[in-house]
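All figures in this text were calculated on a predicted structure; none of them were measured in a lab. Throughout, a chain's letter reflects where its sequence line sits, starting with A, and its residues are numbered from 1.
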Amino acid sequence: MEYNFLEIEKHWQDYWSKNQTFKVETDNSKPKFYVLDMFPYPSGAGLHVGHPLGYIASDIYSRYKRLKGFNVLHPMGYDAFGLPAEQYAIQTGTHPAETTGKNIKRYREQLDRIGFSYDWSREVRTCEPSYYKWTQWAFLEMFGHWFNNNTNKAHKIEELTAIFSKEGNMNIQAANTETRVFTAQQWNSMSEKEQADVLMNYRIAYLGETSVNWCPALGTVLANDEVKEGLSVRGGHPVEQRKMKQWQLRVSAYAQRLLDDMEELEWSDSLKEMQKNWIGRSQGAEMIFKVSNGTREFDLEIFTTRADTVFGATFMVLAPESEWVEKLTTQEQKSSVDEYLASAKKKTERERMTETRNVTGVFSGSHAINPFTGKQIPVWISEYVLAGYGTGAIMAVPAHDSRDYVFAKHFNLPIIPLIEGCDISQESFDAKEGIMCNSGFLNGMTVNEAIPAAIDQVEKRGLGKRKVNFRLRDAIFSRQRYWGEPFPVCYKEGVPTPMDVKDLPLELPDVDKFLPTEEGEPPLARAKDWTYNGYPLEKSTMPGFAGSSAYYLRYMDPSNNKALVSKEANNYWRNVDLYIGGTEHATGHLIYSRFWNKFLYDLGYVCEKEPFKKLINQGMIQGRSNFVYRVKGTNQFVSYGLKDQYDTTEIHADVNLVHNDKLDMEAFKKWMPEYANAEFILEDGEYICGWAVEKMSKSMFNVVNPDTICDTYGADTLRMYEMFLGPLEQSKPWDTNGIDGVHRFLKRFWRLFYKDGVFSVSQEKATPAELKVLHKLIKKVQEDIENFSFNTSVSAFMIALNELYDSGCNKKEILEPMVILLSPFAPHMAEELWHKLGNITSVSQAKFPEYIHEYTIEDSFEYPVSFNGKLRYKLTLSNSMTSQEIEKIVREHENTQKYLSGAIVKKVIVVPKKIINIVC
RNA sequence: GCGGGCAUGGCGUAAUUGGUAGCCGCGCCAGACUUAGGAUCUGGUGCCGAGAGGCGUGGGGGUUCGAGUCCCUUUGCCCGCACCA
């Protein structure tokens, strides 16, 4: 019987689904293992061959872990809120829920064809009210908590009000955006609204004015990770900075913990590094400079990591958006400052970035006093200082900071070198090395000594204190969009008031159109009676990352309507053991999810500090485009090897018309009407196409649909080939050349079980040689799966098969364990053969075969003997010999053979099972 | 500019982690069978050379009996961050 993959795959997919083979329950008698894929956004284009790469890897691992006796949680769901469905809705009027539902159906069909072992009974969709109820619930919890910097965790807001009414806020160490200091009396005499305003600045989910990334084209604000190079990640529209009142999550409060807890995670170094940079911890000091605008004096606070360079601070710079600009602009300078601010405001974020090297700035008219030199220094305003970092003001040390240097040169400000012998004629000396000079009490110290010494002095003189700053900003949580979770918040006399948890979920209302209103309000403003207890509800919705931040918890207990996850389920499944997904989430989802989890951990809802123990980033699959070469002005197409003899135009040809870079000419003619009469100039009777690696996209005609591969080769071939393509973490182009090799392997494997078309396996005892092949394979496959080196384990199967094929082995003793080994990779074929072998339960319930060492021991080994690194001869020696015994034999051999014509063997180096090297 | 990674046959890759470089697959060459296929099977295939032999892991240098692997240096490519004081 031929290997009929279409029939086999359909049959076993139905069997798994009917028998719920992969359904799991908490089971305390078995160790748990949680394998998770980053769930997809179901886009209209469906899956291409690159998407399942990570899913196949995680499925192999899940199936392997089941064979190893683990109770494996391996769920799948959909990140279903998002921009594309909404934009489609704006264009066509189709409700996003409808579009999303359709897309999910298509995704499911495609996923099912690949034979994944998901427990679909646990599927979640972030756009379902029963799911987003818990997103809203988490938001309310964040609203009801504040972050105590002393305990380094979240506490109930009621604890805070109790403290306020006893002692005001002077002793509180909290992560907050409150600038006022008040006593208990002051607090107690505040109106309810004033108190609410103050508390808002302490909440973990809070409404606050901030500079946001506003995208006019999308009509919404975006988080920092949703903006790249001044353009929106979705759609690539320009983004500008605007001051707006928005809901935010106080992620920055958790910055230190996010950094510290990364230590124990098994994530790649590069990903950890990315998160570290994003969190951006820097240690330094806050320092106060006295400033005067001629009529009034102020204390201007700055942040610096180089307190040691304070003697060289020859001017100060404010960010244009800084609140100090107004206070410190003098009458004479007002018009030029206003002009500068106006021009700075007009620029988009992108323009500001591309003009990086253009030095701009304006003098405020005010002066500061350098607290260490006592000298008067001017205060400038410039775009190169960011409002959002530190205090939005800096002391400029042009000799030792390249940005300050460029600015000083441009505006002719003084530059004072502070390090002995440094050359600052062309550029600043930024390195933290050398001996200090021109620096009063710091003179003679090294930079590394001077930094703490300077800060000590700052603290002693009461000029400031040590301070750690983070680059990580609070996450902006509002989106002026329709297709997202509504905020469970209403406005009572303008005071944001949470809904009662009992009334969740707050369902997304119907609207007549998905566009903003004429007044520029978000789409939810169109909803009829969008109120709660008669009060108007919030009209923004939550961003994409809201629903994806805790989905891994929901899978543990997906239909619980009393809690996000029950204590029992959480205590059993704990956290994700293996998480597979792309790097694109390094600074978005993977930070937010960790934050969300830590918050729930503080509240006691989850038992693990970190959500994802081990993380693997699968590489991107790029497209491999094919080209044909049309001779200019003709209808002739010339083969790749001959194209240089003609003047040609390179044209994309659909990769589905090409096999092993050979064009199917008839199919090409039918592809598009303009090619119907194409003529071909061939080499050796074939038309060879050129190729290039490009992004996989429709416009390049290089999209390969997994369904097509399943139709022609089967899901098992697709799975194995995707793994065979190269290391999982490496990006690589999808290249169908070579898929035949994997397919051939499966057909050959199949034929091991069939003699003259009849299923027949022998009950004979296996020979030691055959057992050796099997046990070598067991060892290799086990090691490779555990190291996620799936490409080499596919090779190992091929090697084992080649060896068995040579001896014509069809013994059950060998083949049955091999079927189990193969089952994670090619589950359909394995299941079919497993049942043919007489088993009645699924191969996924089998036990992974034990590796027996004795079958791999070589009794003898051919040792190469090298003389000073050069191969000289080989000796066949026993493997059980000790190094000393081997050395003795080599010495005797050398003596009898007189290889060295009298030279004395000084040293014999024996590397076990490898090589022997002699030195004379 | 800062940080991380990569570089091996015509191609994708492998190398027991410092031990005979090129496993496995594609492609290619030769052959067998044939119901003529994009099937199956056998053998060959790093480069130069008729051969003996020589050369070979981006380039240069070093450590070592021994380096694709470690160190220094240089070139090229990929990814992330980018006025973060």
Which residues pass the salt bridge (charged side-chain N to carboxylate O under 4.0 Å, His left out) test with A:Arg473, sequence neighbours left out? none
Qualifying residues under salt bridge (charged side-chain N to carboxylate O under 4.0 Å, His left out), relative to A:Lys276, sequence neighbours excluded: none
If you compare every side-chain N and O of A:Asn277 against the phosphate oxygens of B:G4 (OP1, OP2), does one of them come in below 4.0 Å? no
Pairing nucleotide - [N], Watson-Crick or G-U, each distance under 3.5 Å:
N: B:G18; answer: none
N: B:G1; answer: B:C81
N: B:G12; answer: B:C24
N: B:U40; answer: B:A32

For A:Asp735 and A:Asn791, find the nucleotide of RNA chain B closest to each by heavy atoms; which residue's nucleotide sits nearer the 5' end? A:Asp735
Could you classify [N] for me, syn or anti, using a glycosidic angle within 90° of 0 as syn?
N: B:G76; value: anti
N: B:U35; value: anti
N: B:G61; value: anti

Among the nucleotides B:U42, B:G3, B:A85, whichever has the atom closest to the side chain of A:Glu273 is B:G3
Nearest-nucleotide pick for A:Arg751, side chain only, options being B:U40, B:G12, B:C26: B:U40
List the residues meeting side chain to side chain contact (heavy atoms under 4.5 Å, CB included) with A:Leu271, not counting sequence neighbours, and say none if there are none. A:Trp267, A:Ser268, A:Thr583, A:Ala586, A:Leu590, A:Leu615, A:Asn617
Pairs under 3.5 angstrom, nitrogen or oxygen only, protein versus nucleotides 27-29 of chain B, please.
from, atom 1, to, atom 2, distance (Å)
B:G27, OP1, A:Asn660, ND2, 3.1
B:C28, OP1, A:Lys662, NZ, 3.3

According to salt bridge (Lys or Arg N to Asp or Glu O under 4.0 Å), does anything in residues 785-800 of chain A pair up with another residue at least two apart or in another chain? List the pairs. none
Which salt bridge (Lys or Arg N to Asp or Glu O under 4.0 Å) pairs, counting each pair once, include a residue from residues 725-738 of chain A, with sequence neighbours left out? A:Arg624-A:Asp735
Test A:Phe797 against every option in A:Leu821, A:Val742, A:Leu746 by the side-chain contact (heavy atoms from CB on, under 4.5 Å) rule and name the one that passes. A:Leu821
